[in-house]
Amino acid sequence: MVALRGDAAELTTAGRLRRVARAALPGVVAGLEPSSPRWVWDTTAVYPELLAAGVRVARAWDLRLARAILRRAAGAPGRVAALPPDAWDDAGQADDGALPLDLGGDLDPVEEHARQLAEVADAARPAALRLLVTAESAGALAAAEMRFAGLPWRRDVHERLLAEVLGPRVPADRRPEGLERLLVGIRSALGAPALNPDSPVELIRALRAAGVEVESTRASELRGVDHAAVAPLLEYKKLARLHAANGWAWLDAWVVDGRFHPEYLVGGVVTGRWAARGGGALQLPKQVRAAVQADPGWKLVVADAAQLEPRVLAGLAGDRAMAEAGRGRDLYAGIVATGAVATRQSAKVGMLGALYGATGGEGGRLVPRLAQRFPQALALVERAAREGERGGTVATLLGRATPPVPEERRALDREAAADGADERVQRRARAVARDRGRFTRNFVVQGTAAEWALCWLADLRGRLWAMGDGPLTARPHLVYFLHDEVLVHAPAEQAEAVAEAVRAAAAAAGRLLFADFPVDFPLDVAVVDRYADADAPAEDGPQADGVESSP
DNA sequence: CCCAAAGGCCAC
DNA sequence: AAACGTGGCCTTTGGG
């Protein structure tokens, strides 16, 4: 147990409290680590300074993450849920690079830990909940380590890419040449000499004045319009986005010493997925991924789980037919092989439609065909949707539950159910219920997939550490994580062994969650110099076992 | 000046 | 192509 209080750090080991100077903490932790403790702390507050001092730990129990999970975990006795909010409920991340959050005087981490352990022990499924907390805590360690190590980023490559399409760098308040050129074409085609295409209001007005009847200025809608302004406008939008989101200003702000150091928010999404703050770390456009390059003599091992969510659904529902469709091959190809649908694209659109709750369009049309072939899997998401529509909560495999329905929704339901209720209110209540149903439908799958990914990451982290010697960044180490994808930076001679470790970790994650149920979690793995070279094999092409390796 | 909503687009 | 889940973050716009 470690808690920070100003310049001091408090350690409790075997029930005995020790106070040490904060600067001495890394040495003390390093001294205790060989006895394999599970460090009980707020990872975001304590771990960065340990990493900065060269100290890595193996295991943790994150008191804040555990609190958030236990507040609404399925099958928990509810003692944590009943607590009034306190500092353990805070977001836990320093806002602005200021000092890590210290503990107030009254907060007793020993007491909180005991309360959390008791809550887990008395839950309906203690082992599942314990796994959720420890896996997410390991994720927090990995997140801090990835931020510390950073994603290798070639500023020169990124700048060359920007110069090619935007022209030379200009001051922040001016448009680069590449945009100015397109702007001239857009304005003349629309007869709007002062138009600012960055303003949707101005743009839709100019389009309509030029006889283009559109509902919005979205690129997806404009693509269907035949007008001379459309081509330069679509190009402008693309480049303007690159310039605004990942242009020179982004490089200045986020790439330091050849590394991008994003701040991950573990469990930051309601489903348990991670979010990120600053730099748009989880939305790196494919366009700029050429700038992500391994150091000389090193490689990037890029691995992503193939069709993760449908496979997780197969495991959750115990749907042997769906598991079988994905065994040793592309799951969507396997669905086609059953005869349920004709093409891989249909299988994918139909599955995503089932996971998202599509009602119309191609997705909605295909869902019943899948339901016929995979009744158990489809019934599971349908049940989750009905539960949400009723105003109930649902939970993932390991017990992470949805938040309760907001009071506004309950009030709306009451109003709609009253005698002589306004028809508009009733319609609104039904729409809100359907929204909630789509949320709970997706939650069980997205959330359980996030649990699989946490187990994968946690297992892999241990394997990578064991593959080398010395400090974290001298060994194969994680540098990026994106829902169902990881990047490992590794010495070139170890890259193939890392690829094997990544696969072994995926198999281990599958066993942790689904025991001996025969569902596969194959990966697309690429050993590359540049992230951009790791694109998955052509989706409609032949695909043996989802394995790819580039020179 | 700060702040939030709207529209839009990036990722999975 | 679209509209069916989870997010972050950009610019514009309008309010205090």
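The structure presented is a predicted model; accordingly, all values stated were derived computationally and were not measured. Chain letters run A, B, ... following the sequence lines, proteins first, then strands; residues in each count from 1.
Contact annotation: S199(A) reaches the phosphate of dT13(C) (side-chain N/O to OP1 or OP2, under 4.0 Å). Contact between the side-chain N/O atoms of N196(A) and the OP1/OP2 oxygens of dT12(C) is found at a separation under 4.0 Å.
A donor N or O paired with an acceptor N or O is not found under 3.5 Å between the base of dC4(C) and the side-chain atoms of R438(A).
In this structure, W153(A) and H158(A) have tilted ring planes: the angle between them lies in the 30° to 60° band.
Side chain of E221(A) to backbone of E215(A): a donor-acceptor contact under 3.5 angstrom is found.
The closest side-chain donor-acceptor pair between T440(A) and E387(A), if any, does not fall under 3.5 angstrom.
Residues F374(A) and I335(A) are in side-chain contact: their nearest non-hydrogen atoms beyond the backbone lie under 4.5 Å apart.
Contact annotation for R273(A): base contact, defined as any heavy-atom pair under 4.0 Å involving a base atom. A219(A) comes within 4.0 angstrom of the backbone, heavy atoms only, and of no base.
Nearest-nucleotide positions on DNA chain C place E362(A) closer to the 5' end than the other of E362(A) and G357(A).
At most 12 heavy atoms of other shown residues, nucleotides or ligands fall within 6.0 angstrom of atom CZ in R428(A).
Atom CD of E263(A) and atom C1' of dG8(C) are 13 Å apart (whole Å).
Contacts between residues 372-398 of chain A and DNA chain B, defined by a heavy-atom separation under 4.0 Å, are absent.
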